[in-house]
Amino acid sequence: MRDFGVISAQLLDWYDRHARSLPWRVPQGQADPYRVWLSEVMLQQTTVAAVKAYFERFTTLWPTVHDLAAAPDAQVMAEWAGLGYYARARNLLACARAVAAMGGFPDTRDGLAALPGIGPYTSAAIAAIAFGRAETVVDGNVERVVSRLFAVETPLPASKPELVRLATLLTPDRRPGDFAQAMMDLGATICTPRSPACGICPIIDECAARMQGIAADLPRKLPKKAKPQRVGTVWIGFGQDSILVETRPEKGLLGGTLAFPSTGWDGSDLPPPAAGDWQELGLVRHIFTHFALDLTVKTAQLTANPERGTLLPLREFSPSALPGLMRKAFALVRPETA
DNA sequence: AACTCGTGGTG
DNA sequence: TCACCAAGAGT
């Protein structure tokens, strides 16, 4: 039987010597649940580098969950713009309002998991990091570290329950939050997806995949489907000192974000949102998670009131409030704003 | 269970 | 260039 206590102790020792300094990271026992929650939601499927500026901006604008709960929807969506996965922003606000109404964050994993936007990973992370509970945190990093440590060759996602079971055996009763962050840091900096730096790994002597020479091949994953290619058109229309925009429906792609009127992106045709001499500016290529999009960008000075969308005064308009795709489209109209 | 949902960095 | 992927959740 492997000595799990030795492995977790070695990892914590490495973490104490090499922990990265991050805006949301504080010693175990001093964490603010609000900041832990905010950072963990922002970090869902998003890199540390991309999150940093958003985290600083949000905590400056809204230092407490009560401040965030009182913020207007449109302002939160505008501040989230560019970070992606916009359901997170809508759930973030719903969660903040629920927590404010409850008077504070629940301090158990189950209590946290009942809130919008907090799933298996995030509930465990907040419970462990902010409340010191011995919950097991399993993200993509932990999946990779554990699959190598124990040489689990079953492909994901079928191996997930086994990886969770093994990670649970590793999780110590003391400092579970630091342990979780140690596992994730190890995965992010040493036990990386390609070319893992086994030579400087603090637990190389315990790694079964390393012993078998298959570390870089794990975790195995089932092949992914090809991305379909889709096309569409977006219209960027101008009125008198104004620009034609719309808020997209709450559900679906880019839900709830500020955008320019467009066709659906399934090839179906749709008339322009307003009369005007529409000129084709060019093509924007954008890769989403499950499809690639070629978006034709058209612009015009409007000659009649729009049938879709609303005219926003230009002085109230900032491309920073747009999701990335729409920023790219706008950059064809005003390259100097890109 | 499989699909939807963004974006930027990397090799 | 392009496929991969990053501190996942909701349905």
Side-chain angles (χ1 to χ4, degrees), chain A residues 20 22-25 35-55 77 80-92 94-95 112-126 128-130 135-145 156-158 160-161 164 167 177-189 191-196 216 219 221-230 248-257 259 265-266 284-293 295 322-328:
Chain A
R20 295 176 293 172
L22 299 171
W24 47 85
R25 183 165 285 174
R35 294 168 67 88
V36 173
W37 162 71
L38 180 61
S39 65
E40 291 300 344
V41 172
M42 286 183 166
L43 285 162
Q44 289 167 6
Q45 296 290 285
T46 309
T47 58
V48 166
V51 164
K52 275 183 179 170
Y54 284 85
F55 180 81
M77 293 307 294
W80 195 277
L83 199 53
Y85 284 138
Y86 297 95
R88 291 186 297 171
R90 288 178 270 120
N91 285 330
L92 187 83
C95 183
L112 290 159
L115 292 164
I118 300 183
Y121 163 77
T122 308
S123 59
I126 300 172
I129 297 169
E135 300 290 356
T136 300
V137 175
V138 182
D139 74 331
N141 289 305
V142 176
E143 288 176 356
R144 185 170 57 255
V145 170
L156 282 165
K160 181 69 181 281
V164 169
D178 286 343
F179 175 76
Q181 295 182 83
M183 289 283 279
M184 294 189 284
D185 273 14
L186 186 74
T189 61
C191 196
T192 51
R194 288 177 285 193
S195 309
K221 297 187 178 181
L222 291 180
K224 309 185 174 176
K225 297 198 319 182
K227 291 184 202 293
Q229 177 72 52
R230 297 186 186 174
R248 294 179 58 85
E250 288 290 312
K251 294 199 170 187
L253 197 68
L254 306 178
T257 64
W265 299 330
D266 51 6
V284 164
R285 315 199 77 166
H286 196 76
I287 308 294
F288 290 103
T289 305
H290 54 294
F291 67 94
L293 177 66
L295 194 61
L322 300 169
L325 170 66
M326 294 293 162
R327 288 185 199 175
K328 282 193 199 174

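Chain letters run A, B, ... following the sequence lines, proteins first, then strands; residues in each count from 1.
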Notebook entry, point to check: Any side-chain heavy atom of A:I129 sitting closer than 4.5 Å to one from A:E40?
Noted result: yes
Checklist line | A:Q45 vs C:dA6: side-chain N/O to OP1/OP2 distance below 4.0 Å | finding: no
Item checked: Test item: side-chain donor near acceptor, A:R25 and A:Q181, under 3.5 Å -> yes
Check: Have A:T189 and A:R20 got a donor and an acceptor in their side chains that come within less than 3.5 Å?
Finding: no
Item checked: Any A:K251 side-chain N or O less than 4.0 Å from OP1/OP2 of C:dG10 -> no
Note to self: Students often get this wrong, so: under 4.0 angstrom with heavy atoms, is A:I118 touching a base, only sugar-phosphate, or nothing?
What the structure shows: sugar-phosphate
Margin query: Please classify the nucleic acid contact of A:W24 as base, sugar-phosphate, or nothing, using heavy-atom distances under 4.0 Å.
Written below: base
Item checked: Closest-nucleotide 5' rank along DNA chain C - winner of A:L115 and A:L43 -> A:L43
Note to self: For a quick check of understanding: with a heavy-atom distance under 4.0 Å over all strands, which category does A:P323 fall into, base, sugar-phosphate or nothing?
What the structure shows: sugar-phosphate
Check: About how many Å separate OH of A:Y54 and CG of A:L38, when rounded to the nearest 0.5 Å?
Finding: 13.0 Å
Next item on the list: Check whether any side-chain nitrogen or oxygen of A:R90 sits under 4.0 Å from OP1 or OP2 of C:dG10, and answer yes or no.
Entry: no
Show me the protein contacts with nucleotides 8-11 of chain B, counting only N or O atoms at under 3.5 Å.
none

Notebook entry, point to check: Which nucleotide, B:dG6, C:dC5, C:dA9, lies nearest any side-chain atom of A:R88?
Noted result: B:dG6
Notebook entry, point to check: What is the nucleic acid contact for A:G187, judged by heavy atoms within less than 4.0 Å: base, sugar-phosphate only, or nothing?
Noted result: nothing
Check: Has A:H290 got a side-chain N or O lying under 4.0 Å from the OP1 or OP2 atom of B:dC5?
Finding: yes
Notebook entry, point to check: From the list B:dC5, C:dC5, B:dT7, which nucleotide is the closest neighbour of the side chain of A:Y86?
Noted result: B:dT7
Item checked: A:L83 and A:R88, any side-chain heavy atoms less than 4.5 Å apart -> yes
Notebook entry, point to check: Which listed nucleotide (B:dT7, C:dA9, B:dC5) is nearest to the side chain of A:L253?
Noted result: B:dC5
Next item on the list: Select base, sugar-phosphate, or nothing to describe what A:R285 touches, counting heavy atoms under 4.0 Å on all strands.
Entry: nothing
Item checked: Separation between the P atoms of B:dG6 and C:dT11, rounded to whole Å -> 14 Å
Check: Counting side-chain heavy atoms from CB outward, which of B:dT7, B:dG6, C:dA6 is closest to A:R144?
Finding: C:dA6
Checklist line | Atom pair distance, as rounded to whole Å: NZ in A:K225 and C1' in C:dC4 | finding: 17 Å
Item checked: Aromatic centroids of A:F288 and A:H286 separated by under 6.0 Å -> yes
Next item on the list: Output the distance between atom OH (A:Y121) and atom CE (A:M184), rounded to the nearest 0.5 Å.
Entry: 3.5 Å
Next item on the list: With heavy atoms under 4.0 Å as the rule, sort A:I129 into base, sugar-phosphate or nothing.
Entry: nothing
